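Everything below concerns the one structure shown next.
Since we're looking at a predicted model, the values are computed, not measured. Heavy-atom basis, side chains included; hydrogens, waters and symmetry copies ignored. Residue numbers start from 1 in every chain, and the chains themselves are labelled A, B, ... in the order their sequence lines are given, proteins ahead of strands.
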Protein chains: 2
Amino acid sequence: MQSEKEIEDFILNGHKQYLNNLSVDCVIFGFHDQQLKVLLVRITGRKDWVLPGGHVNIKETVDQAAIRVLQQRTGIDNIFLQQFQVFSEPDRSRIDWLYKVLKKYYPVVKKDNWLLQRFVSVGYYALVEYTKVTPLLDMMSDASEWWGLDELPPMLMDHRTIVNEALQALQAGLNSKPIGYNLLPRKFTMPELQSLYETILGKKLDRSNFSRKMLAYEILKTNGDTRKGAARKAPFLYSFDLIKYRKALKEGLNTGW
Amino acid sequence: MQSEKEIEDFILNGHKQYLNNLSVDCVIFGFHDQQLKVLLVRITGRKDWVLPGGHVNIKETVDQAAIRVLQQRTGIDNIFLQQFQVFSEPDRSRIDWLYKVLKKYYPVVKKDNWLLQRFVSVGYYALVEYTKVTPLLDMMSDASEWWGLDELPPMLMDHRTIVNEALQALQAGLNSKPIGYNLLPRKFTMPELQSLYETILGKKLDRSNFSRKMLAYEILKTNGDTRKGAARKAPFLYSFDLIKYRKALKEGLNTGW
DNA sequence: ATTCAATGTGTCATATCGACCAAATTGAAC
DNA sequence: GTTCAATTTGGTCGATATGACACATTGAAT
């Protein structure tokens, strides 16, 4: 993926190719086993985890930088992502720590290296279909795994905060962003959709009423196929009617006024 | 406010004191004559207008930079402000244009000056009480005025876009941010509050139902004082019950779920 | 006294909500 | 094959909220 030579070049000459004080961090959400998960990365030889992130090329927008990072991490194109907040505490970068890590890879690195400056980070949350992701590594990381939101490992810098804020943004966008569409497989059952809503909102919803409401929006379509395989009634398979779905989201799925 | 010497120092040495690729732009909203207004600034000797903005000091957060800009522009402390989006098109900065303007002030400026780099800007919207604002100038601007949203003057770079996005963020936050509180004077009448809602939402609301609903939230308090001065029944003066108001906003003023 | 807008209250049809029940359907157990 | 358990799906119903009006009253200015 990245050669030693490329990394060396990145460390030494990255300041010419990337914006020097700006980075992106991505909270990648997936949904599995009725749980929201986030994809985290472990720095090679370290025990703490970080969010997948990266720098902004001088020729690209911040959104494009985030898309690039996500593509490199998950192997997926066309990921839904949403900018939600800028994180800019002057001392958020843990420069002393980063210096040690860098020095391990590239012993002659100097203290005035561009990577050891202060970085302001643009926070994104991304939604992916859990099963489609193959967590990928690069030379700076030796692990890339899904973690349940309730059992997150120790995370570096302010990354834990970023996850929390991302979750809030996700909750806030439930009725106006295509969250169901991007987090579920193309075909899904009503109970699966409900379970997604329940985990994001953190509360139980009435099964019967939920179904009625979703169907009333007319954003779902089905051809009558069912998901068999268990000793119970086989639930119908639905998929989103994208045209109507997008239209409905523009108005917002609920609120008056 | 700023001496020639200070400006010269800013141009020549600002790159040591401020982040080199990051700025803030503020859409300052006020409410007057039943209209939303934004405070714009005209560059000295130019006819186009820009949003009040500024650079981020290496020791401050982006929020603090925005607060500083707002304070310098309006003379008000404790302004409510809300980050809403990052603007990062690589060519948004109109560097050629900026070069000409700079050169006018400071003829020996060079093309590699830090101000002529690409800037990513964090967009904020701010809410102020219209009457409390005294638009202030600095040496780079020769006018600072309120403009109605329907009659904005030509604006430089992507600032018109930023205003549009800010308005959408404002609308989206109407039920969860203290918008009424920050845009209206401390005491206000029910018709004034309704008019604010109507202009932000861009539609008429039923008077009777609006009043009933607002009072039902129990976020308003009154001591029975009225606003006299017109040939009609004097409307009651209300103010927000901050404790209940904040609590209500946390839940959101409307939606189910 | 007259005018005018603000306010308070009421109604009424309709929509929505939440809670609950009944019917239908599936694989598994026997 | 029949029965059973689990779960989906659809229907009911009362309580509540909404939106659109109507009507009476108030109080300040002139």
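Comparing B/Arg207 and B/Arg212 against DNA chain C, the residue whose closest nucleotide sits nearer the 5' end is B/Arg207.
Not one side-chain nitrogen or oxygen of A/Lys213 sits closer than 4.0 Å to the OP1 or OP2 atom of C/dT16.
Taking atom CE on A/Met214 and atom P on D/dT9, their separation rounds to 14 Å, with Å as the unit. Rounded to whole angstrom, the span from the CG atom of A/Asn209 across to the C1' atom of D/dG14 amounts to 13 Å. Between the C1' atom of C/dG8 and the CG atom of B/Leu215 lies a distance of 10 Å, rounded to the nearest Å. Between the CG atom of A/Leu193 and the P atom of D/dT8 there is a distance of 13 Å, rounded to whole Å. Straight-line distance from the CD atom of B/Gln194 to the P atom of C/dT7: 10 Å, rounded to whole Å. In this structure, the CZ atom of B/Phe236 is 10 Å from the C1' atom of C/dG8, given to the nearest Å. Following rounding to the nearest Å, A/Lys203 (NZ) and C/dA19 (P) show an atom-to-atom distance of 11 Å.
Annotation: B/Tyr181, atom OH; neighbour count of heavy atoms from other residues, nucleotides and ligands within 6.0 Å does not exceed 12.
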- Query: Step by step, would you call B/Arg92 with B/Asp158 a salt bridge (charged side-chain N to carboxylate O under 4.0 Å, His left out)?
  - Reply: CA-CA 6 Å; B/Arg92 63 178 288 278; B/Asp158 53 0; 2.6 Å; yes
- Task: Starting from the C-alpha separation in whole Å, work towards a yes-or-no answer on side-chain hydrogen bond (donor to acceptor under 3.5 Å, both in side chains) for A/Asn182 and A/Glu129.
- Result: CA-CA 6 Å; A/Asn182 286 288; A/Glu129 190 189 323; over 6 Å; no
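Set against D/dA20, C/dT7, C/dC20, the side chain of B/Asp206 has D/dA20 as its closest nucleotide. The side chain of A/Met190 has D/dT9 as its nearest neighbour among C/dG18, D/dT9, C/dT7.
Checked for salt-bridge contact, A/Arg42 and A/Asp48 miss the test: no charged N lies under 4.0 Å from a carboxylate O.
Base engagement by B/Ser208 is indicated by at least one non-hydrogen atom pair under 4.0 Å involving a base atom.
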